[in-house]
Amino acid sequence: MSLTDEAISRIRALIQSGELSPGARLPPEPQLAAQLGVSRNPLREAVKALVVARVLDVRRGDGTYVTSLGPRLLLEGLGLAVELLRDDTLLETVQVRRMLEPAATGLAATAITAEQLQEIGEHLEAMRAASDDVEKLNHHDAAFHHAVVRAVGNETLSTLLDGISGRTLRMRVWRGTVEAGSSHKTIAEHEAIYNALAARDAALAQAAALMHISTTETWLRSVLGDVAGARGLRA
């Protein structure tokens with residue numbers, strides 16, 4: 001372990017123990033270096049790394065503070081990381097979504113409020129109105145799923161799925177562009193999810209979401225298979 005990694009580990013231990021709580025100001029650099037038993041250069045590098053990770057916040061002329069450590073803040077970089085994955089990992093990303101989102105949709109059916117259901121219904125109506133406009137359709141598609149997961153009331157889950165959906169959104173645009181009639185299939189699948197939520201039927205909502213995501217996954221598998229086959233022929 002490098003000296004910088006050691007400094008990061010020791011600062012993290014202070015935060016985990018509660019000695020440095022969310023919103024707390026770090027001691028001055030000389031004091032903190034002595035407390036952690038590290039030199040000042042590795043400490044500076046450790047602070048920089050934790051600032052990038054949104055664990056610490058440097059306020060000019062004031063000091064360095066522990067952030068709120070909220071899930072949305074700490075995990076919001078996930079979307080960028082997922083976007084940087086290579087195309088051959090896209091299927092893995094959809095598989096992760098398939099594991100998480102149907103379960104979240106089932107939970108939403110038992111927790112959703114009338115206001116949240118209305119918002120989801122509005123996105124569904126907007127999808128119907130935009131059936132011939134791929135970009136608008138996919139915008140409201142993403143908003144529909146975000147609203148469903150948000151109804152669960154679990155910010156960590158919502159942030160994770162938002163990060164994954166950034167990747168799959170581009171794939172849905174691709175699908176809508178190249179596959180005739182896909183917009184009508186997509187809208188019908190969302191209608192099934194909405195109806196299950198409106199009925200407060202957790203099992204049906206989970207099944208509808210699973211069917212929707214599995215349809216996307218099946219389509220993607222066929223596309224990747226065609227691409228691999230074409231590469232094989234060229235080789």
Side-chain angles (χ1 to χ4, degrees), residues 72-73 75-102 104-105 108 112 115-152 155 157-198 205-228 230:
R72 178 70 58 180
L73 178 66
L75 296 174
E76 67 180 2
L78 174 64
L80 175 59
V82 170
E83 289 291 340
L84 294 175
L85 293 174
R86 297 181 306 174
D87 286 343
D88 58 4
T89 62
L90 178 56
L91 183 59
E92 293 181 7
T93 307
V94 176
Q95 289 171 335
V96 173
R97 183 183 174 213
R98 174 167 52 82
M99 295 174 196
L100 296 177
E101 193 165 324
T105 305
I112 197 165
E115 292 78 12
Q116 289 168 331
L117 185 63
Q118 180 180 349
E119 179 188 354
I120 294 166
E122 289 171 355
H123 288 303
L124 179 58
E125 284 298 325
M127 288 177 67
R128 293 188 184 113
S131 61
D132 295 325
D133 186 324
V134 173
E135 290 189 9
K136 286 184 179 180
L137 175 64
N138 282 285
H139 168 76
H140 289 289
D141 182 339
F144 178 102
H145 290 287
H146 175 73
V148 171
V149 177
R150 194 172 67 245
V152 177
E155 188 176 10
L157 179 62
S158 177
T159 304
L160 287 172
L161 283 169
D162 281 348
I164 293 171
S165 294
R167 176 77 163 178
T168 58
L169 177 60
R170 289 191 293 114
M171 184 266 292
R172 290 197 297 269
V173 172
W174 179 25
R175 180 183 179 188
T177 301
V178 303
E179 185 179 348
S182 64
S183 62
H184 301 294
K185 296 176 187 176
T186 296
I187 291 170
E189 290 167 0
H190 285 75
E191 287 172 345
I193 295 171
Y194 174 81
N195 290 336
L197 292 171
Q206 181 168 347
L210 178 59
M211 181 65 70
H212 170 53
I213 299 169
S214 295
T215 298
T216 300
E217 183 180 347
T218 299
W219 172 82
L220 179 59
R221 283 182 184 277
S222 69
V223 170
L224 293 178
D226 290 343
V227 171

* **Minimal non-hydrogen separation, Arg97 against Ile164, with atom names** => CB-CG2, 3.9 Å

* Structure fact -> Smallest heavy-atom separation, Val149 atom then Ser158 atom, equals CG1-CA, 3.7 Å

* **Close side-chain approach of His146 to Ser165, heavy-atom, < 4.5 Å** => no

* Asked: How many angstroms lie between CG in Leu210 and CD in Glu217, if you round to the nearest 0.5 Å?
  -> 9.0 Å

* Asked: CD1/Ile120 to OH/Tyr194 distance, rounded to the nearest 0.5 angstrom?
  -> 8.5 Å

* Asked: What about His212 and His145, are their ring centers closer than 6.0 Å?
  -> yes

* With side-chain contact (heavy atoms from CB on, under 4.5 Å) as the test, would you mind laying out the steps for His123 and His190 before giving the verdict? => CA-CA 10 Å; His123 288 303; His190 285 75; over 6 Å; no

* With Arg72, which residues qualify under salt bridge (charged side-chain N to carboxylate O under 4.0 Å, His left out), at least two apart? -> Asp162

* Structure fact -> Separation between CG (Leu75) and CG (Leu161), nearest 0.5 Å, reads 11.5 Å

* For the student: nearest non-hydrogen atoms of Ile187 and Met127, plus distance -> CD1-O, 3.5 Å

* Report yes if the side chains of Glu92 and Gln95 come closer than 4.5 Å at any heavy-atom pair, otherwise no. => yes

* Minimum-distance pair of heavy atoms, taken over all atoms of Leu91 and Leu220 -> CA-CD2, 3.9 Å

* Asked: Considering only heavy atoms from C-beta outward, does the side chain of Glu189 approach that of Thr215 to under 4.5 Å?
  -> yes

* Asked: Which atoms form the tightest heavy-atom contact between Thr105 and Ala205, and what is the distance?
  -> CG2-O, 3.6 Å

* For Glu119, which residues count as a salt bridge (charged side-chain N to carboxylate O under 4.0 Å, His left out) partner, sequence neighbours excluded? -> Arg150

* Atom CD1 in Ile112, atom CG in Leu197: separation rounded to 0.5 Å? -> 5.0 Å

* Ignoring hydrogens and geometry, is there a side-chain-to-backbone donor-acceptor pair from Asn138 to Asp141 under 3.5 Å? -> no

* Asked: So, for Ala108 and Val148, which heavy atoms are closest and what is the spacing to 0.1 Å?
  -> CB-O, 3.4 Å

* State which residues pass salt bridge (charged side-chain N to carboxylate O under 4.0 Å, His left out) with Glu155; sequence neighbours excluded, sorted by chain then number. => none

* **Donor-acceptor contact below 3.5 Å, side chain Ser183 vs main chain Ser131** => yes

